[in-house]
Amino acid sequence: MRRILVTAAAALAVLGTMPAPPATAADQTVVVNGYAFPSGLRYVAGACSGNGKATPYAAYRQGSILGDHAIGLAFGGQTGGMGGVAAWVPDPGNLQDASLATYHPGPLPGGSGVDGHIVIQLDVFGDGFQSAWLEGRYDVSNLSGWHPGDDVADIPTDWYWSDDATREYTGWTLPEVADDWGPGSGGAWLNFEFGCRGRDFYFDDLRLATAAGATTYDFEGVPTQAFISAAPTHHSSDLERGITRLDLVNGQDHYLLADAKTSGDGVWSPGYVPGTATLWARPWGAPGFSPVASAGFGSDTYAQFHVRPDRQTEYQVRTGGDDTFEASTSATLLVTVARQVNARAPATQVRQGQPIRVKGRIAPGDAGVRVMLQRKVGKHWRTVDRARTRAHGRFALRVTARSTGRWTVRVAVAAAKGNGASATPGTRIRVLPRPKPQPQPAPAPVYVPVPVTHVPTDEPKGTVPPSAHHRLRASQPLS
């Protein structure tokens with residue numbers, strides 16, 4: 001988107017009659033984002049003398065009294081005109097302190113001269129400046145570097161009527177004039193205007209104090225907001241701006257994109273701005289964020305960062321400020337990393353009563369992580385065995401198959417040590433019935449051979465040789 005920087009004279013409201021804003025609360029500091037002035041402040045511009053005129057540009061710088069920045073006006077050497085900021089004082093009779101710090105970076109021109117004026121406009125009739133008002137003015141000269149500012153509440157000056165320039169008071173302070181007109185008078189505008197000699201200047205630390213309390217205005221640069229954009233899932237091609245959570249699995253990488261935009265300040269238009277982004281990361285267990293990498297981005301381009309976290313990690317993008325823009329930090333992106341589980345069952349078919357075994361490992365390979373073997377029963381997963389991983393994330397699980405049919409099992413891993421819980425897809429195991437016992441065949445008959453005694457022919461008849469079952473003495477006669 002094209003950036004538009006307009007002149008202060010065109011972008012900011014010039015001095016004129018306007019209703020008085022409401023009173024501010026006591027003892028407060030108001031941060032002013034660039035030229036986005038709150039109620040009670042306004043931009044003013046005018047001629048220093050005669051027909052002098054200048055068209056200053058809004059300017060910003062790093063380095064100030066309060067905060068990081070100051071704002072100002074750049075005249076480019078053109079003399080005769082002035083501009084600055086006006087502050088509303090609802091109860092000028094009780095004004096105790098009013099000052100504006102200024103910074104003039106350039107050297108003083110030769111000779112003396114007036115750098116600007118502090119103009120006080122008092123609504124003496126309390127009608128919102130609809131009729132005449134009193135105006136006091138005094139010169140500010142020869143300013144260099146940072147100047148804390150004069151206390152307007154204590155400076156005596158001459159007061160003139162706005163309609164005919166008739167002098168009404170000589171050497172009176174604002175509280176004195178307001179008290180002289182009593183409670184019927186209204187508030188006052190304090191106009192701090194500089195640039196008569198064409199010198200650029202910056203301002204900060206505007207202080208207004210009354211008996212009711214004090215208000216300090218801290219002028220800062222143009223506000224910005226950094227963003228992280230990324231696809232919402234690892235496999236998505238869409239881009240989610242300002243993403244705050246991303247779920248990955250160990251081993252998956254991702255791209256994070258960074259840029260920044262501004263809501264504008266009345267001078268700078270709302271839109272994307274160029275700059276430099278730094279990616280910061282806080283891994284699981286780390287005490288804080290640390291910078292990872294830096295890259296530039298434009299008003300129509302991103303800074304790109306490639307990440308592959310192995311554990312849960314938080315990321316932020318921080319953009320550095322410059323003279324114009326404030327630094328900013330994106331919302332925190334939480335990247336969760338589920339463990340990767342590799343598991344296998346050596347046998348996908350077992351008999352009833354046999355064990356179903358599953359082995360594998362997890363990544364990252366931490367030891368001591370709880371793993372569970374689960375069986376799907378109906379629509380629910382029931383744990384049937386559990387263990388803890390060993391070295392390098394290895395594990396072994398088993399369950400006895402006590403019923404037949406198809407078993408669907410998986411391995412689930414608990415969240416631990418910076419990694420989210422995860423589980424494998426279900427694996428089907430077929431459990432067959434036990435084999436039926438087979439009938440034993442009848443044993444075959446055993447035939448024992450009977451020894452046959454042969455009678456030698458040369459033996460005397462009526463006698464037999466000794467046998468293993470019955471022996472006869474040689475002298476024993478046969479019966």
Side-chain angles (χ1 to χ4, degrees), residues 230-238 240 243-254 283-285 307-314 333-439:
T233 67
H234 178 67
H235 301 289
S236 173
S237 59
D238 298 329
E240 182 177 337
I243 188 171
T244 57
R245 183 183 175 104
L246 175 64
D247 298 324
L248 300 177
V249 177
N250 181 262
Q252 292 180 342
D253 61 350
H254 216 75
W284 178 82
V307 299
R308 186 184 299 213
D310 61 352
R311 300 180 193 275
Q312 176 178 297
T313 303
E314 292 177 293
L333 168 62
L334 173 64
V335 179
T336 66
V337 182
R339 288 191 188 272
Q340 191 177 67
V341 187
N342 296 314
R344 66 182 184 89
T348 58
Q349 180 173 295
V350 298
R351 291 284 184 178
Q352 184 181 10
Q354 293 180 332
I356 297 174
R357 303 178 188 273
V358 178
K359 297 181 179 181
R361 62 185 301 175
I362 61 173
D366 295 314
V369 177
R370 185 160 52 93
V371 293
M372 295 155 286
L373 180 63
Q374 296 179 331
R375 179 191 179 190
K376 191 172 186 180
V377 180
K379 295 182 179 180
H380 303 283
W381 291 95
R382 295 183 179 177
T383 300
V384 294
D385 190 25
R386 66 185 71 225
R388 291 193 178 272
T389 55
R390 305 185 301 274
H392 308 296
R394 299 184 183 278
F395 62 86
L397 299 163
R398 59 174 287 170
V399 62
T400 301
R402 302 189 183 280
S403 60
T404 60
R406 290 190 179 275
W407 285 42
T408 301
V409 297
R410 72 177 186 181
V411 174
V413 182
K417 301 183 180 181
N419 289 105
S422 59
T424 64
T427 298
R428 291 183 177 180
I429 305 293
R430 185 180 180 187
V431 181
L432 302 176
R434 291 187 179 94
K436 294 181 179 180
Q438 299 295 326

Could you give the distance from [atom1] ([X]) to [atom2] ([Y]), rounded to the nearest 0.5 Å?
| X | Y | atom1 | atom2 | result |
| --- | --- | --- | --- | --- |
| Glu314 | Leu334 | CD | CG | 6.0 Å |
| Asp247 | Thr336 | CG | OG1 | 3.5 Å |
| Arg388 | Met372 | CZ | CE | 9.5 Å |
| Ile429 | Gln354 | CD1 | CD | 12.0 Å |
| Arg375 | Trp381 | CZ | CH2 | 10.5 Å |

[X] versus [Y], closest heavy-atom pair with distance:
| X | Y | answer |
| --- | --- | --- |
| Val371 | Val413 | CG1-CG2, 3.9 Å |
| Ser422 | Ala338 | CB-CB, 4.1 Å |
| Asp238 | Ser236 | N-OG, 3.1 Å |
| Trp284 | Lys417 | CH2-CA, 3.5 Å |
| Leu246 | Pro232 | CD1-O, 3.3 Å |
| Val369 | Ala416 | CG1-CB, 4.4 Å |

Ignoring hydrogens and angles, tell me if any N or O in the side chain of [X] forms a donor-acceptor pair with the backbone of [Y] under 3.5 Å.
| X | Y | answer |
| --- | --- | --- |
| Thr404 | Leu432 | no |
| Thr313 | Val335 | no |
| His234 | His254 | no |

> Can you tell me if CZ on Arg311 sees more than 12 non-hydrogen neighbours from other groups inside 6.0 Å?
Replying inline: yes
>> Does atom NE2 (His392) have a neighbourhood of more than 12 heavy atoms from anything else shown, all under 6.0 Å?
In response: no
>> Evaluate Arg339 against Asn250 for side chain to side chain donor-acceptor pair (under 3.5 Å), listing each step before the verdict.
In response: CA-CA 5 Å; Arg339 288 191 188 272; Asn250 181 262; over 6 Å; no
Considering only distance and modelled atom types, tabulate donor-acceptor pairs under 3.5 Å from the side chains of residues 340-352, sequence neighbours left out.
residue: Arg351; atom: NH1; partner: Pro433; partner atom: O; Å: 2.8
residue: Gln352; atom: NE2; partner: Arg402; partner atom: O; Å: 3.0

>> Applying the side-chain contact (heavy atoms from CB on, under 4.5 Å) criterion to Val384, which one of Leu397, Thr400, Ile356, Leu373 satisfies it?
In response: Leu373
> Do the charged groups of Asp310 and Arg308 touch, with an N to O distance under 4.0 Å?
Replying inline: no
> Can you find a pair of side-chain heavy atoms, one from Gln374 and one from Thr383, that are under 4.5 Å apart?
Replying inline: yes
>> Do Lys376 and Arg406 make a side-chain contact, defined as non-hydrogen atoms from C-beta onward lying under 4.5 Å apart?
In response: no
